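One structure is given here, and the rest of the page talks about it.
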Amino acid sequence: MKKLLIAGTASGVGKTTLSLGIMRALQARGLQVQPYKVGPDYIDKAYHTKVTGRASRNLDLYMLEEEQVKYLFNRSMQDADVAVVEGVMGLYDGKGSSIAECSSASVAKLLKLPVILVIDARTMAASSAAMVLGYKMIDPEVNIVGVIANGIKTESHFNLVKASIEKYCHIPTIGYLPPEDHFSLPSRHLGLIPSEELEALEERIEPLAEAVEKYIDLDLLLELIEGAEVTSTFKPIIKRDYRMKTIAVAYDEAFHFYYQDNLQLLGDLGIKLIYFSPLSDSSLPMCDLIYIGGGFPEVFAADLEANQTMRRGLKAAHENNIPIYAECGGLMYLGERLIDHEGKSYEMVGIFKGESRMTKGLKRFGYCFGTAEEDTLLSEKGQTLKGHEFHHSEFYTNEKAVYRMQKDNKGEAWGGGYTKGNTLATYLHLHFYSHLEAVERLLSAGGKV
């Protein structure tokens, strides 16, 4: 099986740019490329999907058990020729100070992924070998098979870096990428701008793929990334039959943060998924349940406010006891108001009293878990859900928080998640495979709009 992890020495060394370029360049050679992202990220995945035409998947060892990660990896690779996995942060960065907990390195070892290490070599020559040697030696079980030196302007500079790394580390240095402004991707407060909003994506990707073909030895890369297969003992078990269910999924420029495996799980259960736009649709589709993911409602707040018929429809569905499950941006939408970065107020759905206010910095970022303090759509009192929060807003409300949130058992605790009737909204993003019993509980709630 051909597969690789593109890892960096740190964030900002060009992992995403190189990952996209390599994906498109391999695709141009006629290969079916299946993209992945280590960790809980949504935005990089949107780029992967746009570039390859295949839904990118998350490989996350906090939200998922090892056997589940192997199962989901194998499943999505069934009709692909090569897996390209983009790492998260630096190769050994994960949860806490351990190099082995939720890091790209831990995923590489689990899935037996050959690793291509990306370094920023703009201001280095022989010293690059010391950096690469450190990454090689701190965990020799991580299979670093090649190095790409990013940001190098000339072939002579690259040859110095290549010679030193291959002399002292005995790892092939397979190429470089010059620092070209038109290769870089714009960003906003949550990271890269989602691909839905990047109008000139193709104009950027094609020259990038051509540069990858020119400056990186892809023939050698393909030789280096033959990895052993992995097997899994995991089998998803859902006890009840949900084939008659229909779920309305909010999906447009404002709401598109979903784990593909969540949606595929629902489809595998025979559930009909109908996608609707809170921005442009005038009414909800007929459904048994409504699922509103995260996204950028603050960017499209004026349009969301203007679509009064949709807001009224969602409020009526709630009042008719139709189950509604909302994550992060979905929570912001279901409040009374949204206050953007400029302090302007916009009317939202109004199921929950209170308002979301955008802030200058991240309010919550990282893995966390919530213990239910009362029964909700997803859990009984006392049960715990684990997932990920990443948001620049805060929800100001007098509504009672229904989950006690923590990063770990000894750390700070805060209130999160709100429930009213058959509606649950929370900042916590969940991977359904980590909580199959919660999925069953959600699907068992009933009604039809």
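Nothing here was measured: the structure is a model prediction, and the numbers come from that model.
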Any donor-acceptor N/O pair, [X] side chain to [Y] backbone, under 3.5 Å:
X: Tyr418; Y: Thr426; value: no
X: Tyr135; Y: Thr9; value: yes
X: Asp60; Y: Cys102; value: no
X: Ser127; Y: Met124; value: no
X: Lys386; Y: Tyr62; value: yes
X: Asn150; Y: Asp120; value: no
X: Gln406; Y: Ala413; value: no
X: Glu327; Y: Leu430; value: yes
X: Ser356; Y: Leu338; value: no
X: Tyr333; Y: Pro297; value: no

Any side-chain heavy-atom pair from [X] and [Y] closer than 4.5 angstrom?
X: Ile216; Y: Leu18; result: yes
X: Ile138; Y: Tyr92; result: yes
X: Ile225; Y: Val82; result: yes
X: Pro172; Y: Leu220; result: yes
X: Leu5; Y: Leu111; result: no
X: Ser434; Y: Leu64; result: yes
X: Leu4; Y: Ile6; result: yes
X: Cys328; Y: Phe257; result: no

Heavy-atom closest contact ([X] atom, [Y] atom, distance):
X: Ala301; Y: Tyr346; answer: CB-CD1, 3.5 Å
X: Leu436; Y: Ile237; answer: CD1-N, 4.1 Å
X: Arg54; Y: Gln32; answer: NH1-OE1, 3.4 Å
X: Leu385; Y: Ser379; answer: CD1-OG, 4.2 Å
X: Ala121; Y: His157; answer: O-CE1, 3.1 Å
X: Lys136; Y: Cys169; answer: NZ-O, 2.6 Å

Under-4.0 Å salt bridge between [X] and [Y]:
X: Lys37; Y: Glu86; value: yes
X: Glu213; Y: Arg29; value: yes
X: Lys2; Y: Asp81; value: no
X: Lys70; Y: Glu66; value: no
X: Glu336; Y: Arg357; value: no

Spatial distance of atom [atom1] ([X]) from atom [atom2] ([Y]) [nearest 0.5 Å]:
X: Ile247; Y: Leu443; atom1: CD1; atom2: CG; result: 5.0 Å
X: Leu208; Y: Arg204; atom1: CG; atom2: CZ; result: 10.5 Å
X: Ile174; Y: Ile148; atom1: CD1; atom2: CD1; result: 4.5 Å
X: Ile144; Y: Leu117; atom1: CD1; atom2: CG; result: 5.0 Å
X: Leu331; Y: Phe352; atom1: CG; atom2: CZ; result: 7.5 Å
X: Met89; Y: Lys15; atom1: CE; atom2: NZ; result: 8.5 Å

Heavy-atom count around [X] [atom1] within 6.0 Å, excluding the residue itself: above 12?
X: Glu101; atom1: CD; result: yes
X: Glu206; atom1: CD; result: yes
X: Glu226; atom1: CD; result: yes

What is the ring orientation for [X] with [Y], classed by angle as parallel under 30°, tilted 30 to 60°, or perpendicular over 60°?
X: Phe432; Y: Tyr325; value: tilted
X: Tyr275; Y: Tyr251; value: perpendicular
X: Phe296; Y: His256; value: tilted

May I ask you to check whether [X] and [Y] show a side-chain donor-acceptor distance below 3.5 Å?
X: Gln34; Y: Tyr36; result: no
X: Thr233; Y: Glu67; result: yes
X: Thr309; Y: Asn307; result: yes

Next item on the list: Please assess Val230 against Leu110 for the test side chain to side chain contact (heavy atoms under 4.5 Å, CB included), listing each intermediate value before the final yes or no.
Entry: CA-CA 8 Å; Val230 295; Leu110 176 70; over 6 Å; no
Margin query: Using ring centroids (six-membered ring only for Trp), state whether Phe390 and Tyr427 fall under 6.0 Å.
Written below: no
Note to self: Before you tell me yes or no, could you show the steps for Leu424 and Tyr403 under side chain to side chain contact (heavy atoms under 4.5 Å, CB included), namely the whole-Å CA-CA distance, both residues' side-chain angles and the distance that decides it to 0.1 Å?
What the structure shows: CA-CA 11 Å; Leu424 171 66; Tyr403 286 96; 4.2 Å; yes
Note to self: Assess the residue pair Glu412 and Lys407 against the criterion (side chain to side chain contact (heavy atoms under 4.5 Å, CB included)); give the C-alpha distance rounded to whole Å, side-chain angles, the decisive distance to 0.1 Å, and a yes or no.
What the structure shows: CA-CA 7 Å; Glu412 168 200 4; Lys407 281 187 174 291; over 6 Å; no
Notebook entry, point to check: Looking at residues at least two apart in the chain, or sitting in another chain, which of them share a ring-ring contact (aromatic ring centres under 6.0 Å, His included) with His388?
Noted result: Tyr367
Note to self: Under the rule for ring-ring contact (aromatic ring centres under 6.0 Å, His included), what residues qualify as partners of Phe158, not counting sequence neighbours?
What the structure shows: Tyr176
Item checked: Residues which pass salt bridge (Lys or Arg N to Asp or Glu O under 4.0 Å) with Arg311, listed by chain and number, not counting sequence neighbours -> none
Checklist line | Test side-chain hydrogen bond (donor to acceptor under 3.5 Å, both in side chains) applied to Thr384 and Thr371, step by step | finding: CA-CA 4 Å; Thr384 295; Thr371 302; 3.1 Å; yes
Next item on the list: Go through the steps to decide whether Leu133 and Tyr168 satisfy the test side chain to side chain contact (heavy atoms under 4.5 Å, CB included), and finish with yes or no.
Entry: CA-CA 8 Å; Leu133 187 61; Tyr168 295 105; 5.5 Å; no
Checklist line | Qualifying residue, where the test is ring-ring contact (aromatic ring centres under 6.0 Å, His included) with His429 and the options are Tyr42, Tyr258, Tyr259 | finding: Tyr42
